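Read the numbers this way: they start at 1 and go in the same order the structure lists the ligands and their atoms. No experiment lies behind these values; they were computed from the predicted model shown.
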Amino acid sequence: LADLNRAQTALMRSEKLASLGKLISEVAHEISNPLMIVSCNAQLAQRPEIGPAESARLLGIIGDECQRAKAILKRLLRFAAPGQRQLRRVDPNAALEAVVALLENQLKWSHIDIRRAYAEQPPAVAVDEHQMQEVFMNLINNAREAMPGGGTLELATAVEGDRLRLDFRDTGGGIPEKDRKSIFEPFFTTKTDGTGLGLSVCYAIVKAHGGEINFESDPNVGTTFTIWLPVAKDDPLPAEP
Ligand code: ADP
Ligand code: MG
């Protein structure tokens, strides 16, 4: 059994290294695009014939591209070094509500109704609350972005055996067949201002917690992302502070 464990750890490490190599080359590419735009616009802005209005416009582009590169790096750091996980017993409904409270106004402005179908007194899950809230935030933001004309976001929690199931169900346009195998890949995005890192971060965090993440999508109905998380056992995990 110990041998099997060692073999599995080695395998996981080599898979991690392989995906890290892929990630690095993709990051280099993602960061070099905005850098190129910054450098071209900086050169343009130095030309003598450029007036103050045009130069202000070019500086605006430079600022936007710097922000974009910064956002990519920030998300990448979370992906590459998610930090020490602090597992605690967390009430899934309360953790979800904390994120909804942060995003509620944005959802309202986007004409999105929130429906809740929460399990009554669900068991605690053993998770790092901050990382899990990052997952919830990514999924809710994706749902919002999938419903530009408004819609309904349903949040559901349910006990399934020794796991807790969380559903994020939107009434957006769905995920086309051809994109379905790619959405968890880092930098896969169909949005002009997307980073494509949200779902890959969700995947990494949920897997690191021994959970699962999957989705179902129908262009006529919408998309549901589902997470399964292990229910906290009675071992001495610290309770929420
Ligand atoms: P980003 O949101 O920056 O594009 P993500 O990794 O969060 O990156 O998502 C990757 C892609 O998956 C999105 O660009 C979109 O095409 C698709 N996607 C994710 N969530 C949804 C959803 N709820 N409905 C439709 N498409 C989605
Ligand atoms: Mg996203």
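Within ligand 1, counting atoms from 1 as listed, the ones closer than 4.0 Å to a heavy atom of Gly198 are 5 (P), 6 (O), 7 (O). Short contacts between ligand 1 and Gly194, defined as distances under 4.0 Å to a heavy atom of the residue, involve ligand atoms 3 (O).
The shortest N/O to N/O separation between Ile175 and ligand 1 does not fall below 3.5 Å. Checked by distance only, ligand 1 and Thr189 come closer than 3.5 Å through their nitrogen or oxygen atoms. Checked against a 3.5 angstrom limit, the closest N/O atoms of Gly196 and ligand 1 fall inside it.
Expressed to the nearest 0.5 Å, how far CG of Asn141 lies from CG of Leu107 amounts to 8.0 Å. Taking OG1 of Thr224 as the start and CG of Asn214 as the end, the distance is 11.0 Å to the nearest 0.5 Å. Of the inter-residue distances, the one linking Leu73 atom CG with Leu197 atom CG reads 10.0 Å to the nearest 0.5 angstrom.
Heavy-atom separations between Thr195 and ligand 1 include at least one value shorter than 4.0 Å. Taking 4.0 Å as the cut-off, Gly174 counts as a neighbour of ligand 1 on heavy-atom distance. Using a 4.0 Å heavy-atom cutoff, Phe225 is listed among the residues neighbouring ligand 1.
By heavy-atom distance, the residue among Asn141, Leu199, Asn142, Thr190 lying nearest atom 15 (C) of ligand 1 is Thr190. Taking all heavy atoms of Asn138, Asp170, Thr223 into account, the minimum distance to atom 23 (N) of ligand 1 is reached by Asp170.
Arg169 has no carboxylate O lying under 4.0 Å from a charged side-chain N of Glu216, or vice versa, which leaves the two without a salt bridge. In summary, Glu154 and Arg116 do not engage in a salt bridge, as defined by a charged side-chain N under 4.0 Å from a carboxylate O.
With Val99 as reference, Gln133 is the one residue of Glu104, Gln133, Met132 to meet the side-chain contact (heavy atoms from CB on, under 4.5 Å) rule.
Using a cut-off of 2.8 Å, one finds that Thr195 contributes no N/O/S atom close to the Mg ion (ligand 2).
The aromatic rings of Tyr203 and Phe184 sit tilted relative to each other, their planes meeting at an angle between 30° and 60°.
Neither the backbone nor the side chain of Phe184 comes within contact range of ligand 1; no heavy atom lies under 4.0 Å. When non-hydrogen atoms are compared, ligand 1 lies under 4.0 Å from neither the backbone nor the side chain of Asp179.
In this structure, a donor-acceptor pair under 3.5 Å is absent between the side chains of Asp113 and Thr152.
In summary, the aromatic rings of Phe168 and Phe215 are positioned with their centroids too far apart to meet the 6.0 Å limit.
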